[in-house]
**Student:** 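Please read through the structure below; I'll follow up with questions.
Start at 1 and go down the list; that is how both ligands and their atoms are numbered.
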Amino acid sequence: MFEALKKKFMSWVGKDKEKPKKVSVKKTKTPKKEKEDKKIKSSSRVPLTKEEKIQETEAEQIIQEASTSLEQQIPEPAQNKEKDEEKGNFFTKLLKKISTAKLTEGQFDECFEDLEITLLENNVALEAVDAIRTSLKKDLVDQQIKKTEAAARIMGALKEAILSLLTEPPNIVDKIKSHEPYIILFFGINGTGKTTSVAKLAYFLKKQGISVVLAAADTFRAASIEQLKTHSEKIGVPMISSSYGADPASVAFESISYAKKNKTQVVLIDTAGRMYTKDNLLKEMEKIVRISKPNLKLFVGESITGNDAIDQARTFNDTIGIDGVILSKADIDEKAGTILSVSHVTHKPIYFLGTGQKYQDLTLFTKKTVLKNLGLEQ
Ligand SMILES: Nc1nc2c(ncn2[C@@H]2O[C@H](COP(=O)(O)OP(=O)(O)OP(=O)(O)O)[C@@H](O)[C@H]2O)c(=O)[nH]1
Ligand SMILES: [Mg+2]
(Lines give C-alpha, C1' and ligand atoms only; values in the text may rest on other atoms or scores of the structure.)
(Ligands and ions follow the chains in the order given, each with its own letter.)
Protein backbone atom coordinates (compact mmCIF):
# COMPACT_ATOMS: atom_id res chain seq x y z
CA MET A 1 0.00 0.00 0.00
CA PHE A 2 1.34 3.45 -0.96
CA GLU A 3 4.70 1.94 -1.95
CA ALA A 4 4.98 4.01 -5.13
CA LEU A 5 4.10 7.33 -3.50
CA LYS A 6 6.22 6.63 -0.46
CA LYS A 7 9.19 5.80 -2.66
CA LYS A 8 8.75 9.06 -4.51
CA PHE A 9 8.41 11.19 -1.36
CA MET A 10 11.34 9.47 0.30
CA SER A 11 13.51 9.90 -2.78
CA TRP A 12 13.03 13.65 -2.42
CA VAL A 13 14.61 13.65 1.00
CA GLY A 14 17.16 10.98 0.14
CA LYS A 15 15.65 8.32 2.40
CA ASP A 16 14.75 5.83 -0.30
CA LYS A 17 18.14 4.28 -0.81
CA GLU A 18 21.73 4.41 0.22
CA LYS A 19 23.35 7.67 -0.53
CA PRO A 20 24.70 7.75 -4.08
CA LYS A 21 28.42 7.46 -4.46
CA LYS A 22 29.87 10.80 -5.14
CA VAL A 23 32.90 11.90 -6.94
CA SER A 24 34.46 14.49 -4.76
CA VAL A 25 34.20 17.55 -6.90
CA LYS A 26 35.63 20.15 -4.70
CA LYS A 27 34.58 23.54 -5.81
CA THR A 28 37.70 25.59 -5.94
CA LYS A 29 37.38 29.18 -5.11
CA THR A 30 40.05 31.69 -5.71
CA PRO A 31 41.20 33.34 -2.48
CA LYS A 32 39.87 36.63 -3.80
CA LYS A 33 36.39 35.22 -4.46
CA GLU A 34 36.34 33.61 -1.02
CA LYS A 35 37.09 36.93 0.59
CA GLU A 36 34.34 38.65 -1.40
CA ASP A 37 31.83 35.97 -0.42
CA LYS A 38 32.68 36.33 3.23
CA LYS A 39 32.34 40.09 2.98
CA ILE A 40 28.88 39.84 1.42
CA LYS A 41 27.75 37.30 3.99
CA SER A 42 28.95 39.23 6.97
CA SER A 43 27.68 42.59 5.80
CA SER A 44 24.18 41.57 4.67
CA ARG A 45 23.14 39.12 7.36
CA VAL A 46 22.39 39.11 11.04
CA PRO A 47 25.03 36.93 12.76
CA LEU A 48 23.81 33.34 13.11
CA THR A 49 23.80 31.35 16.33
CA LYS A 50 25.84 28.14 16.41
CA GLU A 51 22.67 26.07 16.01
CA GLU A 52 21.43 28.15 13.07
CA LYS A 53 24.81 27.78 11.40
CA ILE A 54 24.59 23.99 11.66
CA GLN A 55 21.01 24.05 10.33
CA GLU A 56 22.03 26.27 7.45
CA THR A 57 24.90 24.01 6.52
CA GLU A 58 22.56 21.02 6.58
CA ALA A 59 19.97 22.80 4.46
CA GLU A 60 22.63 23.82 1.96
CA GLN A 61 23.78 20.23 1.79
CA ILE A 62 20.25 18.96 1.09
CA ILE A 63 19.71 21.52 -1.64
CA GLN A 64 23.06 20.82 -3.20
CA GLU A 65 22.66 17.06 -3.01
CA ALA A 66 19.13 17.13 -4.31
CA SER A 67 19.64 19.55 -7.15
CA THR A 68 23.07 18.54 -8.37
CA SER A 69 23.26 14.91 -7.37
CA LEU A 70 23.21 13.79 -10.96
CA GLU A 71 26.16 15.93 -11.91
CA GLN A 72 28.10 14.50 -9.05
CA GLN A 73 27.12 10.87 -9.29
CA ILE A 74 29.24 8.24 -10.97
CA PRO A 75 27.26 7.54 -14.12
CA GLU A 76 25.50 4.17 -13.88
CA PRO A 77 25.03 2.98 -17.44
CA ALA A 78 22.61 0.24 -16.42
CA GLN A 79 20.19 2.71 -14.90
CA ASN A 80 18.76 5.15 -17.32
CA LYS A 81 17.87 8.20 -15.34
CA GLU A 82 14.56 9.65 -16.41
CA LYS A 83 14.44 13.04 -17.97
CA ASP A 84 12.30 14.67 -15.30
CA GLU A 85 14.74 13.52 -12.65
CA GLU A 86 17.45 15.40 -14.44
CA LYS A 87 15.37 18.53 -14.40
CA GLY A 88 14.61 18.10 -10.72
CA ASN A 89 11.37 17.12 -9.06
CA PHE A 90 8.61 18.91 -7.20
CA PHE A 91 10.55 18.93 -3.95
CA THR A 92 13.99 19.89 -5.21
CA LYS A 93 12.65 22.57 -7.53
CA LEU A 94 10.56 24.09 -4.75
CA LEU A 95 13.39 23.84 -2.29
CA LYS A 96 15.71 25.71 -4.59
CA LYS A 97 13.19 28.48 -5.20
CA ILE A 98 12.01 28.82 -1.60
CA SER A 99 15.59 28.95 -0.41
CA THR A 100 16.32 31.92 -2.63
CA ALA A 101 13.27 34.12 -2.19
CA LYS A 102 9.54 34.10 -1.49
CA LEU A 103 7.79 31.62 -3.76
CA THR A 104 5.46 33.12 -6.36
CA GLU A 105 2.24 31.46 -7.50
CA GLY A 106 3.67 31.01 -10.99
CA GLN A 107 6.76 29.28 -9.66
CA PHE A 108 4.60 27.04 -7.48
CA ASP A 109 2.39 26.02 -10.42
CA GLU A 110 5.44 25.18 -12.46
CA CYS A 111 6.87 22.98 -9.69
CA PHE A 112 3.52 21.38 -8.87
CA GLU A 113 3.26 19.80 -12.33
CA ASP A 114 5.71 17.08 -11.29
CA LEU A 115 3.72 16.20 -8.17
CA GLU A 116 0.44 16.40 -10.08
CA ILE A 117 1.60 13.77 -12.56
CA THR A 118 2.85 11.54 -9.74
CA LEU A 119 -0.48 11.80 -7.92
CA LEU A 120 -2.56 11.13 -11.03
CA GLU A 121 -0.35 8.18 -11.95
CA ASN A 122 -1.05 6.79 -8.49
CA ASN A 123 -4.84 6.91 -8.85
CA VAL A 124 -5.42 10.07 -6.86
CA ALA A 125 -8.68 11.57 -8.14
CA LEU A 126 -8.59 14.94 -9.88
CA GLU A 127 -10.62 16.66 -7.13
CA ALA A 128 -8.18 15.39 -4.53
CA VAL A 129 -5.20 16.60 -6.59
CA ASP A 130 -6.81 20.04 -6.75
CA ALA A 131 -7.32 20.04 -3.00
CA ILE A 132 -3.67 19.14 -2.45
CA ARG A 133 -2.64 21.96 -4.79
CA THR A 134 -4.79 24.50 -2.93
CA SER A 135 -3.53 23.42 0.47
CA LEU A 136 0.13 23.48 -0.56
CA LYS A 137 -0.29 26.86 -2.22
CA LYS A 138 -1.77 28.32 0.96
CA ASP A 139 1.14 27.06 3.02
CA LEU A 140 4.00 27.86 0.67
CA VAL A 141 3.25 30.67 -1.79
CA ASP A 142 4.34 34.16 -0.81
CA GLN A 143 5.51 33.02 2.61
CA GLN A 144 8.58 34.16 4.44
CA ILE A 145 10.36 30.84 4.90
CA LYS A 146 13.82 30.51 6.40
CA LYS A 147 16.26 28.62 4.23
CA THR A 148 17.01 26.35 7.17
CA GLU A 149 13.36 25.44 7.47
CA ALA A 150 12.47 25.13 3.79
CA ALA A 151 12.76 21.34 3.47
CA ALA A 152 10.74 20.69 6.61
CA ARG A 153 8.14 23.28 5.58
CA ILE A 154 7.57 21.63 2.20
CA MET A 155 7.19 18.16 3.70
CA GLY A 156 5.02 19.59 6.49
CA ALA A 157 2.80 21.31 3.92
CA LEU A 158 2.49 18.05 1.99
CA LYS A 159 1.51 16.22 5.16
CA GLU A 160 -1.15 18.85 5.92
CA ALA A 161 -2.45 18.70 2.36
CA ILE A 162 -2.88 14.93 2.60
CA LEU A 163 -4.46 15.15 6.03
CA SER A 164 -7.00 17.63 4.67
CA LEU A 165 -8.27 14.92 2.30
CA LEU A 166 -8.87 12.33 4.98
CA THR A 167 -11.69 11.84 7.46
CA GLU A 168 -11.10 10.01 10.71
CA PRO A 169 -13.88 7.48 11.22
CA PRO A 170 -15.81 7.36 14.48
CA ASN A 171 -15.06 4.46 16.82
CA ILE A 172 -17.22 1.71 15.38
CA VAL A 173 -17.48 -0.25 18.64
CA ASP A 174 -18.80 2.84 20.47
CA LYS A 175 -21.28 3.42 17.66
CA ILE A 176 -22.47 -0.16 17.82
CA LYS A 177 -23.02 0.05 21.55
CA SER A 178 -25.22 3.12 21.06
CA HIS A 179 -28.09 1.19 19.48
CA GLU A 180 -29.40 -2.36 19.75
CA PRO A 181 -29.55 -4.04 17.39
CA TYR A 182 -27.09 -2.02 15.35
CA ILE A 183 -27.70 -2.70 11.68
CA ILE A 184 -24.91 -2.50 9.11
CA LEU A 185 -25.68 -2.84 5.43
CA PHE A 186 -22.95 -3.69 2.93
CA PHE A 187 -23.22 -2.84 -0.72
CA GLY A 188 -21.16 -2.27 -3.83
CA ILE A 189 -20.65 -3.70 -7.29
CA ASN A 190 -19.86 -7.36 -8.06
CA GLY A 191 -16.84 -9.03 -6.57
CA THR A 192 -15.48 -6.11 -4.57
CA GLY A 193 -15.23 -8.07 -1.33
CA LYS A 194 -18.61 -7.44 0.34
CA THR A 195 -19.14 -10.98 1.66
CA THR A 196 -15.52 -11.29 2.77
CA SER A 197 -15.79 -7.92 4.56
CA VAL A 198 -19.01 -9.03 6.30
CA ALA A 199 -17.17 -12.12 7.53
CA LYS A 200 -14.10 -10.13 8.59
CA LEU A 201 -16.21 -7.62 10.52
CA ALA A 202 -18.17 -10.44 12.19
CA TYR A 203 -14.84 -11.96 13.25
CA PHE A 204 -13.57 -8.56 14.51
CA LEU A 205 -16.74 -7.88 16.51
CA LYS A 206 -16.92 -11.37 17.96
CA LYS A 207 -13.38 -10.92 19.25
CA GLN A 208 -14.56 -7.75 21.01
CA GLY A 209 -17.27 -9.78 22.72
CA ILE A 210 -20.04 -8.30 20.57
CA SER A 211 -22.81 -10.65 19.40
CA VAL A 212 -23.49 -10.77 15.66
CA VAL A 213 -26.00 -12.25 13.23
CA LEU A 214 -25.40 -12.40 9.49
CA ALA A 215 -28.15 -11.76 6.94
CA ALA A 216 -27.75 -13.58 3.62
CA ALA A 217 -29.58 -10.94 1.61
CA ASP A 218 -27.72 -11.80 -1.58
CA THR A 219 -30.36 -14.13 -2.92
CA PHE A 220 -29.23 -13.54 -6.48
CA ARG A 221 -25.72 -14.85 -7.12
CA ALA A 222 -25.28 -18.62 -7.32
CA ALA A 223 -23.68 -20.09 -4.19
CA SER A 224 -23.74 -16.77 -2.35
CA ILE A 225 -25.78 -18.21 0.53
CA GLU A 226 -23.44 -21.21 0.89
CA GLN A 227 -20.46 -18.84 0.83
CA LEU A 228 -21.81 -16.81 3.75
CA LYS A 229 -22.89 -19.99 5.55
CA THR A 230 -19.33 -21.31 5.44
CA HIS A 231 -18.10 -18.08 6.99
CA SER A 232 -20.79 -18.11 9.68
CA GLU A 233 -19.84 -21.64 10.67
CA LYS A 234 -16.11 -20.98 10.69
CA ILE A 235 -16.47 -17.81 12.75
CA GLY A 236 -19.21 -19.24 14.92
CA VAL A 237 -21.99 -16.69 14.40
CA PRO A 238 -25.61 -17.36 13.34
CA MET A 239 -26.89 -16.61 9.86
CA ILE A 240 -30.42 -15.97 8.59
CA SER A 241 -31.17 -16.92 5.00
CA SER A 242 -34.00 -17.71 2.62
CA SER A 243 -34.05 -19.30 -0.81
CA TYR A 244 -32.46 -18.01 -4.01
CA GLY A 245 -34.73 -15.51 -5.70
CA ALA A 246 -36.39 -14.46 -2.42
CA ASP A 247 -36.83 -10.78 -1.65
CA PRO A 248 -33.55 -9.57 -0.06
CA ALA A 249 -35.45 -6.96 1.95
CA SER A 250 -37.44 -9.70 3.67
CA VAL A 251 -34.23 -11.59 4.58
CA ALA A 252 -32.90 -8.38 6.13
CA PHE A 253 -36.18 -7.94 8.01
CA GLU A 254 -36.08 -11.54 9.32
CA SER A 255 -32.52 -11.08 10.57
CA ILE A 256 -33.42 -7.92 12.45
CA SER A 257 -36.39 -9.73 14.07
CA TYR A 258 -34.00 -12.53 15.07
CA ALA A 259 -31.58 -9.99 16.60
CA LYS A 260 -34.35 -8.29 18.56
CA LYS A 261 -35.64 -11.61 19.88
CA ASN A 262 -32.20 -12.94 20.79
CA LYS A 263 -30.70 -9.66 22.02
CA THR A 264 -28.03 -9.84 19.34
CA GLN A 265 -26.10 -6.58 19.22
CA VAL A 266 -25.25 -6.36 15.52
CA VAL A 267 -26.87 -7.40 12.23
CA LEU A 268 -24.52 -7.53 9.22
CA ILE A 269 -26.46 -7.59 5.95
CA ASP A 270 -24.66 -8.96 2.89
CA THR A 271 -26.21 -7.92 -0.43
CA ALA A 272 -25.78 -8.89 -4.07
CA GLY A 273 -23.27 -6.99 -6.16
CA ARG A 274 -25.10 -4.52 -8.32
CA MET A 275 -24.09 -2.23 -11.10
CA TYR A 276 -24.48 1.31 -9.92
CA THR A 277 -25.61 2.28 -13.40
CA LYS A 278 -28.66 0.00 -13.33
CA ASP A 279 -31.78 1.76 -12.05
CA ASN A 280 -33.75 -1.38 -11.12
CA LEU A 281 -30.93 -2.74 -8.97
CA LEU A 282 -30.60 0.54 -7.16
CA LYS A 283 -34.39 0.56 -6.58
CA GLU A 284 -34.09 -2.89 -5.01
CA MET A 285 -31.33 -1.55 -2.79
CA GLU A 286 -33.52 1.40 -1.79
CA LYS A 287 -36.18 -1.10 -0.70
CA ILE A 288 -33.66 -2.98 1.50
CA VAL A 289 -32.69 0.37 3.05
CA ARG A 290 -36.33 1.37 3.59
CA ILE A 291 -37.19 -1.88 5.32
CA SER A 292 -34.02 -2.54 7.33
CA LYS A 293 -33.36 1.12 8.31
CA PRO A 294 -29.63 0.51 8.71
CA ASN A 295 -27.61 2.48 11.24
CA LEU A 296 -24.60 2.29 8.96
CA LYS A 297 -24.51 1.88 5.19
CA LEU A 298 -21.07 0.78 4.13
CA PHE A 299 -19.98 0.98 0.54
CA VAL A 300 -17.40 -1.68 -0.31
CA GLY A 301 -15.04 -0.73 -3.13
CA GLU A 302 -11.77 -2.10 -4.38
CA SER A 303 -8.81 0.06 -3.56
CA ILE A 304 -7.00 -1.08 -6.71
CA THR A 305 -9.63 0.20 -9.14
CA GLY A 306 -8.81 3.88 -8.59
CA ASN A 307 -11.19 6.28 -10.27
CA ASP A 308 -13.71 3.51 -10.94
CA ALA A 309 -14.12 2.95 -7.22
CA ILE A 310 -14.43 6.70 -6.71
CA ASP A 311 -17.19 6.91 -9.36
CA GLN A 312 -19.03 3.98 -7.78
CA ALA A 313 -18.81 5.54 -4.31
CA ARG A 314 -20.04 8.86 -5.65
CA THR A 315 -23.01 7.31 -7.46
CA PHE A 316 -24.02 5.06 -4.56
CA ASN A 317 -23.75 8.09 -2.29
CA ASP A 318 -25.97 10.16 -4.58
CA THR A 319 -28.60 7.43 -4.94
CA ILE A 320 -28.71 5.46 -1.69
CA GLY A 321 -26.51 7.61 0.53
CA ILE A 322 -23.47 6.06 2.12
CA ASP A 323 -22.26 6.52 5.70
CA GLY A 324 -18.82 5.10 5.23
CA VAL A 325 -16.48 3.07 3.10
CA ILE A 326 -14.55 -0.16 3.25
CA LEU A 327 -11.76 -0.29 0.71
CA SER A 328 -10.83 -3.90 0.07
CA LYS A 329 -7.70 -5.30 -1.55
CA ALA A 330 -5.51 -2.52 -0.19
CA ASP A 331 -2.87 -5.23 0.27
CA ILE A 332 -2.45 -5.57 -3.47
CA ASP A 333 -2.74 -1.87 -4.24
CA GLU A 334 0.65 -0.27 -4.73
CA LYS A 335 -0.80 3.06 -5.76
CA ALA A 336 -3.45 3.60 -3.10
CA GLY A 337 -4.70 6.92 -4.54
CA THR A 338 -8.26 5.67 -3.95
CA ILE A 339 -7.57 5.63 -0.21
CA LEU A 340 -6.49 9.26 -0.43
CA SER A 341 -9.41 10.37 -2.59
CA VAL A 342 -12.61 8.56 -1.63
CA SER A 343 -13.37 10.51 1.55
CA HIS A 344 -12.64 13.82 -0.11
CA VAL A 345 -15.09 13.03 -2.92
CA THR A 346 -17.89 11.54 -0.78
CA HIS A 347 -17.24 13.39 2.51
CA LYS A 348 -17.61 10.04 4.22
CA PRO A 349 -14.96 8.26 6.27
CA ILE A 350 -13.18 5.05 5.40
CA TYR A 351 -13.88 2.71 8.32
CA PHE A 352 -11.70 -0.21 7.31
CA LEU A 353 -9.16 -1.30 4.78
CA GLY A 354 -9.27 -4.89 3.58
CA THR A 355 -5.68 -6.02 3.72
CA GLY A 356 -5.81 -9.68 2.73
CA GLN A 357 -8.01 -12.72 2.45
CA LYS A 358 -7.91 -13.92 6.04
CA TYR A 359 -10.47 -12.95 8.69
CA GLN A 360 -7.97 -10.87 10.60
CA ASP A 361 -7.06 -8.86 7.48
CA LEU A 362 -9.35 -5.97 8.27
CA THR A 363 -7.46 -2.88 9.34
CA LEU A 364 -9.11 -0.01 11.18
CA PHE A 365 -8.53 3.13 9.16
CA THR A 366 -6.71 6.01 10.79
CA LYS A 367 -5.09 9.12 9.35
CA LYS A 368 -1.92 8.22 11.22
CA THR A 369 -1.64 4.89 9.40
CA VAL A 370 -1.82 6.69 6.05
CA LEU A 371 0.88 9.17 7.00
CA LYS A 372 3.07 6.38 8.32
CA ASN A 373 2.62 4.36 5.15
CA LEU A 374 3.61 7.39 3.13
CA GLY A 375 6.70 7.92 5.24
CA LEU A 376 5.42 11.34 6.34
CA GLU A 377 5.22 10.37 10.00
CA GLN A 378 7.19 8.04 12.24
N1 LIG B 1 -6.26 -9.69 -1.50
C2 LIG B 1 -7.48 -9.45 -1.04
N3 LIG B 1 -8.51 -10.15 -1.55
C4 LIG B 1 -9.74 -9.87 -1.06
C5 LIG B 1 -9.98 -8.90 -0.08
N6 LIG B 1 -11.31 -8.85 0.17
C7 LIG B 1 -11.87 -9.78 -0.62
N8 LIG B 1 -10.96 -10.40 -1.36
C9 LIG B 1 -11.16 -11.46 -2.36
O10 LIG B 1 -11.99 -10.96 -3.39
C11 LIG B 1 -12.80 -12.00 -3.94
C12 LIG B 1 -14.25 -11.56 -3.96
O13 LIG B 1 -14.70 -11.43 -2.63
P14 LIG B 1 -16.21 -11.52 -2.19
O15 LIG B 1 -16.27 -11.21 -0.74
O16 LIG B 1 -16.83 -12.77 -2.64
O17 LIG B 1 -16.80 -10.32 -3.03
P18 LIG B 1 -18.33 -9.87 -3.15
O19 LIG B 1 -18.33 -8.40 -3.28
O20 LIG B 1 -19.13 -10.45 -2.06
O21 LIG B 1 -18.73 -10.54 -4.54
P22 LIG B 1 -20.22 -10.70 -5.13
O23 LIG B 1 -21.08 -11.19 -4.04
O24 LIG B 1 -20.06 -11.70 -6.24
O25 LIG B 1 -20.64 -9.37 -5.64
C26 LIG B 1 -12.53 -13.21 -3.07
O27 LIG B 1 -11.61 -14.05 -3.73
C28 LIG B 1 -11.93 -12.64 -1.80
O29 LIG B 1 -11.07 -13.54 -1.15
C30 LIG B 1 -8.83 -8.16 0.42
O31 LIG B 1 -8.92 -7.27 1.27
N32 LIG B 1 -7.63 -8.49 -0.11
MG1 LIG C 1 -20.87 -11.56 -2.07
**Student:** In Å and rounded to the nearest 0.5 Å, what is the CZ to CD distance from Arg133 to Glu113?
**Tutor:**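 Rounded to the nearest 0.5 Å, the CZ-CD separation comes out at 9.5 Å.
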**Student:** At less than 4.0 angstrom from any non-hydrogen atom of Thr355, what atoms of ligand 1 do you find?
**Tutor:**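 So the atoms of ligand 1 that pass are 31 (O).
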**Student:** Of the side chain and backbone of Asp270, name the one, both, or neither that has a heavy atom under 4.0 Å from an atom of ligand 1.
**Tutor:**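 Within the 4.0 Å criterion, Asp270 makes no contact with ligand 1.
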**Student:** Going by the order shown, which atoms of ligand 1 are within less than 4.0 Å of some heavy atom of Gly273?
**Tutor:**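 Those of ligand 1 that fall under 4.0 Å from Gly273 are 25 (O).
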**Student:** Using a strict 4.0 Å cut-off to heavy atoms of Gly354, name the atoms of ligand 1 that fall inside it.
**Tutor:**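 Atoms satisfying the 4.0 Å criterion: 31 (O).
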**Student:** For Ser303, does its backbone N or O pair with a side-chain atom of Thr338 as donor and acceptor, under 3.5 Å?
**Tutor:**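 Flag set: sc Thr338 to bb Ser303 pair under 3.5 Å.
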**Student:** Under a 4.0 Å threshold between the charged nitrogen and the carboxylate oxygen, would Lys263 count as salt-bridged to Glu180?
**Tutor:**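 No salt bridge links Glu180 with Lys263.
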**Student:** For the pair Lys177 and Asp174, find out whether any cationic side-chain nitrogen is under 4.0 Å from an anionic carboxylate oxygen.
**Tutor:**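 No salt bridge links Lys177 with Asp174.
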**Student:** For atom 11 (C) of ligand 1, what's the nearest protein heavy atom and its distance?
**Tutor:**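 Answer, as residue, atom name and distance: Lys329 NZ, 3.9 Å.
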**Student:** Kindly check if the number of other-residue, nucleotide or ligand heavy atoms within 6.0 Å of NZ (Lys97) is above 12?
**Tutor:**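 Check passes, neighbour count above 12.
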**Student:** Under 4.0 Å from ligand 1, counting heavy atoms only, is it the side chain of Asp218, its backbone, both or neither?
**Tutor:**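 Side chain only; the backbone of Asp218 stays clear of ligand 1.
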**Student:** Is there a polar contact, in the sense of an N or O pair closer than 3.5 Å, between Asn190 and ligand 1?
**Tutor:**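 Not met; the criterion fails.
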**Student:** What's the shortest distance from atom 1 (N) of ligand 1 to any protein heavy atom, and which residue and atom give it?
**Tutor:**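 For this ligand atom, the closest protein heavy atom is Asp331 OD2, 2.9 Å.
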**Student:** Is there a donor-acceptor contact under 3.5 Å from the side chain of Glu377 to the main chain of Lys372?
**Tutor:**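 Pair absent, no side-chain N/O of Glu377 close to backbone of Lys372.
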**Student:** Report the nearest protein non-hydrogen atom to atom 23 (O) of ligand 1: residue, atom name, distance rounded to 0.1 Å.
**Tutor:**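 Of the protein heavy atoms, Arg221 NE, 3.4 Å lies nearest.
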**Student:** What about Asp361: any of its N or O atoms under 3.5 Å from an N or O on ligand 1?
**Tutor:**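 So ligand 1 has no N or O lying under 3.5 Å from an N or O of Asp361.
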**Student:** Out of Ala272, Gly356, Ser197, Gly193, who gets a non-hydrogen atom closest to atom 5 (C) of ligand 1?
**Tutor:**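 Of the listed residues, Gly356 has the closest heavy atom.
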**Student:** Hey, is the main chain of Phe90 close enough, under 3.5 Å, to the side chain of Asp114 for a donor-acceptor pair?
**Tutor:**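 Yes, Asp114 side chain to Phe90 backbone: donor-acceptor pair under 3.5 Å.
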**Student:** Between His231 and Tyr203, do the side chains contain an N or O donor and an N or O acceptor separated by less than 3.5 Å?
**Tutor:**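 Judged by distance alone, the side chains do not pair up.
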**Student:** Counting only heavy atoms, tell me which of Ser224, Gly191, Gly188, Ala330 gets closest to atom 12 (C) of ligand 1.
**Tutor:**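 Of the listed residues, Gly191 has the closest heavy atom.
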**Student:** Under 4.0 Å between a Lys/Arg side-chain N and an Asp/Glu carboxylate O for Glu160 and Lys138?
**Tutor:**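 Salt bridge: no.
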**Student:** With heavy atoms only and a cut-off of under 4.0 Å, state how Arg274 meets ligand 1: side chain, backbone, both or neither.
**Tutor:**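 Arg274 to ligand 1: no contact under 4.0 Å from either part.
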**Student:** Looking only at protein heavy atoms, which one is nearest to atom 13 (O) of ligand 1, and how far off is it?
**Tutor:**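 Checking every protein heavy atom, the shortest distance to atom 13 (O) of ligand 1 gives Thr196 OG1, 3.4 Å.
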**Student:** Among all protein heavy atoms in this structure, tell me which lies nearest to atom 16 (O) of ligand 1, with the distance rounded to 0.1 Å.
**Tutor:**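 Minimum-distance protein heavy atom for atom 16 (O) of ligand 1 reads Gln227 NE2, 3.0 Å.
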**Student:** Do me a favour and list the nearest non-hydrogen protein atom to atom 26 (C) of ligand 1 with residue, atom name and distance?
**Tutor:**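 Nearest protein contact, heavy atoms only, for atom 26 (C) of ligand 1 is Gln357 NE2, 4.3 Å.
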**Student:** Please confirm if an N, O or S atom belonging to Thr196, backbone or side chain, lies less than 2.8 Å from the Mg ion (ligand 2).
**Tutor:**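 Here the distance criterion (N, O or S atom, under 2.8 Å) is not met by Thr196, so no.
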**Student:** Check the side chains of Asp318 and Thr315 for a donor-acceptor pair under 3.5 angstrom, ignoring hydrogens and angles.
**Tutor:**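 Judged by distance alone, the side chains do not pair up.
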**Student:** Nearest protein heavy atom to atom 19 (O) of ligand 1, by residue and atom, and its distance?
**Tutor:**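 Checked against all protein heavy atoms, atom 19 (O) of ligand 1 sits closest to Lys194 NZ, 2.7 Å.
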**Student:** For the pair Asp247 (side chain) and Ala249 (backbone), establish whether a donor and an acceptor sit closer than 3.5 Å, ignoring hydrogens and angles.
**Tutor:**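 Yes; at least one donor-acceptor contact below 3.5 Å.
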